[in-house]
Amino acid sequence: MSVKDALLGSLESGDGFVSGAWLAARLGVSRAAVWKQVALLRSQGYVIESIRGKGYKLLGRPDTVTERELGRHLVTELFGRRLIAVATTGSTNDLAADAARGGAPEGTVVIAEAQTAGRGRLGRAWQSEPGLNLYMSVLLRPELGPAEAPRLSLLAGVAVAEALETEGLEVAIKWPNDVLVGRRKIAGILTEMEAEADRVRAVVVGIGVNLNSTEDDFLPELRDKATSVLIESGRRADRPAFAARLLESFERHYRNFSRQGLAAVAADWNRRSCLDGQRVRVAQAGTTVEGLCVGIDSDGALLVKQGDGEPRRVVAGDVSLEGYYES
Ligand code: BTN
């Protein structure tokens, strides 16, 4: 363990001021070295009070998803136990795909404070301002065929919804994986994969959640379509704690899915779907399917009823629904 981490550990376990002399002896370094590490911690967002004759006291922590800050909240076995946390990257999905090609294990998580080329579904951009929200990709290596991989987005959608509900929000899911609050989009999921003909090598589930953006932080064209935890609840979300809750929920659903398939999560998904019983229009490459949405099937396809016959299965597309955010 580094001197910095050992120092932080000592400050965390002390419930008042901890003297510089005691810290120096405990860590086996000089008092000047203690002071230098305190300065380093402060530069990383830790608020440390120092009073001559009394020592140091930890007053505040950074709202940054570092290994240490995430680790304080993480209760998973696998997801997030290997973390790649960076200040800026193009897209966390690309970084996770690179890690996958380099042999990174299942459950590896990539988190960035900001993305310079964050992307959404259907080639859209994903606004990724620094320090406000969650931009995260989870690397999975499931035993699935390529056509089955999109089902993982449904699990992620439920996990995001559950994490947002612990912030006191009422959440809806719009197939396949837009997460909405009050008809505005609060989170999106972009699932990408590396596959052979009949086997998935790695799946990257990219998750963007608007946590602490204000309306002014959104690009003008998004202001009436997007929302955040802060806008909806009036409270800032603790980003490391939120990320840990989301990973806990995602891991739990992933384990159940691995054993029982999509049936394990279908009820949790359907309960939050804002499409059931609604008239929908699904735009696909070259065609449009219109009809009454009657849920999803056991493969995660949207079921759209167009007449008296069996509902039509829609496996991909962009859904519009009167009054809702047009993604
Ligand atoms: C969508 O709703 O269109 C999906 C948005 C997905 C955004 C996330 S942010 C983390 C990860 N990295 C990306 O470039 N995109 C996903």
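Residue indices begin at 1 and follow the sequence shown. Each ligand, and each atom within it, is numbered from 1 in the order the structure gives.
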Parallel, tilted or perpendicular, as decided by the 30° and 60° cut-offs, for the rings of Phe250 and Phe79: perpendicular

Close N or O approach (Ser91, ligand 1; < 3.5 Å): yes

Salt-bridge contact Arg279-Glu290 (side-chain N to carboxylate O under 4.0 Å): no

Short N or O distance, Trp126 and ligand 1, threshold 3.5 Å exclusive: no

Protein heavy-atom partner closest to atom 12 (N) of ligand 1 - residue, atom, separation in Å: Gln115 OE1, 2.9 Å

Interfacing atoms of ligand 1 (cut-off 4.0 Å, heavy-atom, Gly120): 1 (C), 3 (O), 4 (C), 5 (C)

Residue and atom name of the nearest protein heavy atom (relative to atom 11 (C) of ligand 1), distance in Å to one decimal: Thr92 OG1, 3.3 Å

side-chain contact (heavy atoms from CB on, under 4.5 Å) partner of Val209, the single match among Val160, Val179, Ile189: Val160

Sub-4.0 Å atoms of ligand 1 with respect to non-hydrogen atoms of Asn93: 11 (C), 12 (N)

side-chain hydrogen bond (donor to acceptor under 3.5 Å, both in side chains) pairs, two or more places apart, involving residues 18-35: none

Sub-4.0 Å heavy-atom contact, Arg124 with ligand 1: no

For Asp178, the ligand 1 atoms whose distance to one of its heavy atoms is below 4.0 Å: 2 (O)

Shortest protein heavy-atom distance from atom 8 (C) of ligand 1, along with the residue and atom involved: Gly208 N, 3.5 Å

Pairing of Arg124 and Asp318 as salt bridge, 4.0 angstrom limit: yes

NZ/NE/NH1/NH2 to OD/OE distance under 4.0 Å, Glu165 and Arg272: yes

Residue among Thr108, Val109, Thr66 satisfying side-chain contact (heavy atoms from CB on, under 4.5 Å) with Leu83: Val109

Contact (N/O only, under 3.5 Å) between Lys185 and ligand 1: yes

Proximal ligand 1 atoms for Arg121, defined as those under 4.0 Å from one of its heavy atoms: 1 (C), 3 (O), 4 (C)

Of all pairs that satisfy salt bridge (charged side-chain N to carboxylate O under 4.0 Å, His left out), the ones with a partner from residues 6-15, not counting sequence neighbours: Glu12-Arg61, Glu12-Arg68

Met136: numbered ligand 1 atoms lying under 4.0 Å from its heavy atoms: 10 (C)

Contact atoms of ligand 1, heavy-atom distance to Gly118 under 4.0 Å: 14 (O)

